[in-house]
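The block underneath contains the structure these notes are about, expressed in structure tokens.
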Amino acid sequence: MNAFGITDRGVVRKENQDTFRYELIAKDEILCAVLCDGMGGAQAGSLASTIASDTFMSHAAYSLDSTSDASDMQRILVEAVNYANIKVYDRSFADFSCMGMGCTLVAVLINSKRCLIANVGDSRAYLINKANIQQISRDHSLVEELLAKGKIKPEQVKNHPQKNIITRAIGVEASVKCDVFDIKFTAGSRILLCSDGLSNVLSDKEILTISQENPDVESACKQMLNLALRRGAPDNVTVFIAQR
């Protein structure tokens, strides 16, 4: 398993509120990765994303082992998201300066047979192979809900004035529901986790092209980030790729 991640505060923002963590655990048999994006405009967004990513990784690394089957992995994935939510929520009430903080979360667990993805918010997970790219996660956002209800058209999404409003986040309420996806992940395929600082600037086709042109996951991540930066990167940008 090859994996690499990179993050940057971007061109406009003064602080990077994105965090990511990844680790090979259970004697390198399971890859666990998580990416969080502090809620824009909320207090202590960087702290929220740090607490969430650290808590998620701590629980997953402690709970997973080489005997973990598909049901174990899904349970642990959901538990790790819930623990992350509780930690951020509790901190926001314990410290007045942190009141209202929150973050998105997207995570992946991969072993020799399974690939499980969880998400809360609008940070994304993509499945990429040699010829195609597919968004696996579903944005928890206002525009996504409007699109699903037929109130806006797909071409209106990118520049919609309420594009940045998310409908679900880590730490905002005492409990949170995550979406979980169990996908087929074959040799040579890639999982991309990214914050909206990437997906709002690069199209899916551009992401696929960069992946196709870079057989090394590190160079692919860096090229995606560099293109976002060249385009002005108005938000923090985080990119993580895992390849079987």
Side-chain angles (χ1 to χ4, degrees), residues 1-7 16 18-38 46-88 90-91 103-121 123-129 136-137 170-171 176-195 211 215-222 238-244:
M1 194 94 66
N2 297 315
F4 183 81
I6 191 168
T7 186
N16 191 349
D18 288 1
T19 60
F20 75 96
R21 307 281 187 267
Y22 72 97
E23 186 177 345
L24 282 165
I25 55 184
K27 297 181 180 179
D28 294 348
E29 293 183 9
I30 302 175
L31 174 72
C32 178
V34 62
L35 184 155
C36 298
D37 177 359
S46 59
L47 179 60
S49 63
T50 298
I51 292 172
S53 57
D54 286 346
T55 302
F56 179 95
M57 286 299 300
S58 176
H59 179 77
Y62 175 79
S63 303
L64 290 163
D65 59 42
S66 57
T67 66
S68 299
D69 60 18
S71 61
D72 293 330
M73 289 175 66
Q74 180 162 337
R75 173 181 55 79
I76 292 166
L77 183 62
V78 173
E79 285 177 352
V81 172
N82 289 334
Y83 279 123
N85 184 77
I86 291 168
K87 285 286 188 179
V88 176
D90 286 350
R91 180 62 181 269
C103 64
T104 68
L105 184 150
V106 62
V108 62
L109 297 180
I110 306 171
N111 68 3
S112 60
K113 297 179 180 179
R114 319 293 293 195
C115 178
L116 296 172
I117 290 166
N119 83 289
V120 175
S123 292
R124 292 182 177 178
Y126 290 88
L127 173 64
I128 304 174
N129 57 35
I136 302 300
S137 59
I170 295 290
V176 70
K177 181 181 179 181
C178 65
D179 292 343
V180 178
F181 307 87
D182 187 344
I183 65 170
K184 187 177 180 181
F185 187 48
T186 57
S189 296
R190 290 175 168 176
I191 291 293
L192 165 69
L193 306 183
C194 67
S195 60
S211 180
D216 176 72
V217 294
E218 179 176 348
S219 61
C221 285
K222 289 180 177 178
T238 304
V239 191
F240 171 84
I241 295 177
Q243 178 176 323
R244 193 186 295 283

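As the structure is a computational prediction, the values presented were derived from the model and not from experiment. Hydrogens, waters and symmetry mates are skipped; everything else that's a heavy atom, side chains included, is used.
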Handout entry: Side chains of R244 and T186 in contact at under 4.5 Å (non-hydrogen atoms)
Key = no
Exercise for the section: Begin with the C-alpha distance, continue with both residues' side-chain angles, and end with the deciding distance and a verdict on side chain to side chain contact (heavy atoms under 4.5 Å, CB included) for V81 and V34. Expected result: CA-CA 10 Å; V81 172; V34 62; over 6 Å; no
Problem - Step-by-step side chain to side chain contact (heavy atoms under 4.5 Å, CB included) determination, L77 to F56 - result: CA-CA 8 Å; L77 183 62; F56 179 95; 3.6 Å; yes
Fill in the blank from the handout: Here the gap from T50 atom OG1 to K87 atom NZ, rounded to the nearest 0.5 Å, amounts to 14.5 Å
Exercise for the section: Mind checking side chain to side chain contact (heavy atoms under 4.5 Å, CB included) for S112 and listing every partner two or more places apart, or none if nothing turns up? Expected result: none
Handout entry: Over 12 foreign heavy atoms within 6.0 Å of OH, Y83
Key = no
Problem - salt bridge (charged side-chain N to carboxylate O under 4.0 Å, His left out) partners of residues 51-61, not counting sequence neighbours, each pair once - result: R21-D54
Fill in the blank from the handout: residues 65-77 vs salt bridge (charged side-chain N to carboxylate O under 4.0 Å, His left out), sequence neighbours excluded, gives D72-R75, R75-E79
Exercise for the section: Return yes if some donor-acceptor pair links the side-chain N/O of S137 with the main-chain N/O of A125 below 3.5 Å, else return no. Expected result: yes
Handout entry: Where at least one partner belongs to residues 179-191, residue pairs that pass salt bridge (charged side-chain N to carboxylate O under 4.0 Å, His left out), sequence neighbours excluded
Key = R114-D182, R168-D179
Practice task
Could you check if a side-chain atom of T7 sits within less than 4.5 angstrom of a side-chain atom of T19, using non-hydrogen atoms only?
Solution key: no
Completion exercise
Minimal heavy-atom distance between F4 and V217, with the atoms involved, is CB-CG2, 4.0 Å
Problem - Side-chain touch I76/H59, heavy atoms, less than 4.5 angstrom - result: yes
Handout entry: Heavy-atom pair of closest approach, residues D18 and S195
Key = OD2-OG, 2.8 Å
Exercise for the section: Could you tell me which non-hydrogen atom of A52 sits nearest to which non-hydrogen atom of C103, and how far apart they are? Expected result: CB-SG, 3.6 Å
Practice task
Step by step, work out the side chain to side chain contact (heavy atoms under 4.5 Å, CB included) result for I191 and L127.
Solution key: CA-CA 5 Å; I191 291 293; L127 173 64; 4.0 Å; yes
Exercise for the section: Measure across I51 and R91 and return the closest heavy-atom pair with its distance rounded to 0.1 Å. Expected result: CD1-CG, 3.8 Å
Exercise for the section: Might you point out which heavy atoms bring A60 and C32 nearest each other, and give the distance in Å? Expected result: CB-SG, 3.7 Å
Exercise for the section: Consider only side-chain N and O atoms of D37 and S123, and report whether a donor and an acceptor are under 3.5 Å apart. Expected result: no
Handout entry: Results of side chain to side chain contact (heavy atoms under 4.5 Å, CB included) for N82 - residues two or more places apart only
Key = V78, V176
Name each donor-acceptor pair under 3.5 Å that joins a side chain in residues 22-30 to protein atoms two or more places apart or in another chain, with its distance.
none

